[in-house]
Amino acid sequence: MLEIIAIRNNAEEIKQRLAVKNFKEINLIDDVLAVDETRRSIQTKLDENLSKQNVIAKEIGDLFKQGKKEEADKKKSETVSLKEESKQFETGLAKAEEEMKDILVRIPNTPHKSVPDGKTPEENEVVKLVGEIPALYEDALPHWDLAKKYDLFDLELGVKITGAGFPVYRKQGAKLQRALISFFLDNAIEAGYTEIIPPHMVNEASAFATGQLPDKEGQMYVTKEEGFYLIPTAEVPVTNIVRDEILETLPVKFTAYSPCFRREAGSYGKDVRGLNRVHQFDKVEIVQVVHPDKSYAVLEEMVKHVESILQKLELPYRILRLCGGDMSFASALTYDFEVFSAAQKRWLEVSSVSNFETFQSNRMKVRFRDENKKTRLAHTLNGSALALPRIVASLLENHQTADGIKIPAALQRYTGFEKIV
RNA sequence: GGAAAGAUGCCAGAGUGGUUGAAUGGAACAGUCUCGAAAACUGUCUUAGUCGCAAGGCUAACGAGGGUUCGAAUCCCUCUCUUUCCGCCA
């Protein structure tokens, strides 16, 4: 949610920047300004009225103390019209506030100046490409076939137990999951993040705070009785740790492993084969809450962190700076990481690292005290480090040999084996 | 699922209709003292909206939402949550 004060001060600039995101409803900016105007004028009138009422109440109190009952009773009548008026103002104010919020939640975050124009993923900017695409042997297999060959995971069995997109991992496949989670967490801890194990369901307030609600309601699973949402990413519970807080020390750095649940209705074909897209997957997330002056330096730091992991896994990867049209609603700048999946011969997204500036913190009221002891909104950032399924897909495909799948050296002490056979 | 108690500032904890935005203690911060530190002493110390160039003014908030009243942290209603006990269970 953009700050109303920022819109008030920079309406034109904000409109221009939203155009980069291909935001169509630019008129919402003027709408929200108009409502804000109304809101403030009502607020002023209401405050004046209440002030008058307070004065009279105090006078009546004094009269009673002096024993002047008749005079006090007489004064009571003076408040009648004030009270009625105040009631109307209060109703009007509540309505204006609600309207304002309704509009604000529909306006996306403004993109950073470095965000390229563009509407489709094809227009994302490739900022870096590292590693070589391995030359696979002749009968190299895509990961879903490798899974069968080595009995690593079973999607059909998941269908029986739950439904499509719920893989069952087995044997070395299961151990590999556990190894990757520990490996990712240890890397994050090494980089100064505090490990968290969060709840895997959140309430409505938390889902709203990080921006999953109201617009992405359909992407989440929800429990029938309580109305709890199964988390689509650990970002939601972890970022909500600092909701409504005034933080004494920055930065706050959290990392968390969690399963992630996504409904993702409406995808078909080769894009969803194997582990390319599933409804439940594992992910290690990193989250930072930082001083506004530092957030872009921190974003680069987080990018470096993700890079270092991919390098240790010996996977070819590229980094994309997302164009305006491909960015998420809440982000000001996003880097996507893709690894090359050698047998499928395509790039798979494995991480997304974003700076949200004050977009989330404004909703969540995450503040800190600045140099002048004034409270200010902090900047929030997060990134996947990393999401497992596509890493596994790429790991299996890229490192396959005629007599087994090699485990990267850095990962071997976690798996306990050097090769999947 | 049954029963009881409770929800006040960063924390503890007073306060049951009229200078209570809120006593007192602790923590924290600044200063005095000290070579330095501790102790002691002094001071500061909620957040948000709104008006104002500013100083500052006004308003709101004592779990949430309603109600009674000239006036509510204090009275009434509803809801939420917490704690304890019983039951069930990992």
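Order of the sequence lines sets the chain letters (A, B, ...), proteins ahead of strands, with each chain counted from 1.
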For B/G9, the Watson-Crick or wobble counterpart (both distances under 3.5 Å): none

Now, which nucleotide makes the Watson-Crick or G-U wobble pair with B/U83, with each of the two distances under 3.5 Å? B/A4

Quick one: is B/C51 close enough that its OP1 or OP2 comes under 4.0 Å of any side-chain N or O from A/Arg40? yes

If only side-chain N and O atoms of A/Asn54 are considered, is one of them under 4.0 Å from the OP1 or OP2 phosphate oxygen of B/C58? no

Does the base of B/G18 carry an N or O that pairs as donor and acceptor with the side chain of A/Asp62 under 3.5 Å? no

Give a yes/no on whether any side-chain N or O of A/Arg369 is located under 4.0 angstrom from OP1 or OP2 of B/C10. no

For B/U50, take OP1 and OP2 only and decide whether either is under 4.0 Å from a side-chain N or O of A/Thr44. no

State whether A/Lys45 places a side-chain N or O below 4.0 Å from either non-bridging phosphate oxygen (OP1 or OP2) of B/G49. no

Counting only side-chain N and O atoms of A/Ser77, is one of them less than 4.0 Å from OP1 or OP2 of B/C70? no

Tell me the partner of B/G18, counting only Watson-Crick (N1-N3 plus N6-O4 or O6-N4) or G-U wobble (N1-O2 and O6-N3) with both under 3.5 Å; none if nothing fits. B/C70

Report yes or no: is the cationic atom of A/Arg363 (NZ for Lys, CZ for Arg) closer than 6.0 Å to the six-membered ring centre of A/Phe208, at no more than 45° off its axis? yes

Just checking A/Leu50: base, sugar-phosphate only, or nothing, at a heavy-atom cut-off of under 4.0 Å? sugar-phosphate

Indicate whether OP1 or OP2 belonging to B/A48 is found under 4.0 Å from a side-chain N or O atom of A/Arg367. yes

Go through A/Arg273 and A/Asn276 one step at a time and tell me if the side chain to side chain donor-acceptor pair (under 3.5 Å) criterion holds. CA-CA 6 Å; A/Arg273 278 204 82 171; A/Asn276 287 346; over 6 Å; no

Identify the nucleotide, in any strand shown, that forms a Watson-Crick or G-U wobble pair with B/A55, with both distances under 3.5 Å; if there is none, say none. none

Take the angle between the ring planes of A/Tyr221 and A/His279 and call it parallel below 30°, perpendicular above 60°, tilted in between. perpendicular

Kindly say whether the aromatic ring centers of A/Phe329 and A/Phe359 come within a distance under 6.0 Å. yes

Regarding A/Arg8, tell me which of base, sugar-phosphate or nothing describes its non-hydrogen contacts under 4.0 Å with the strands shown. sugar-phosphate

Run A/Thr334 and A/Ser331 through side chain to side chain donor-acceptor pair (under 3.5 Å) and show every step you take. CA-CA 7 Å; A/Thr334 297; A/Ser331 171; 2.6 Å; yes

In Watson-Crick or G-U wobble terms, with both distances under 3.5 Å, the base opposite B/U34 is none

Need one value for A/Ile246: base, sugar-phosphate or nothing, where a base atom within 4.0 Å counts as base even if backbone is also close, heavy atoms only. sugar-phosphate

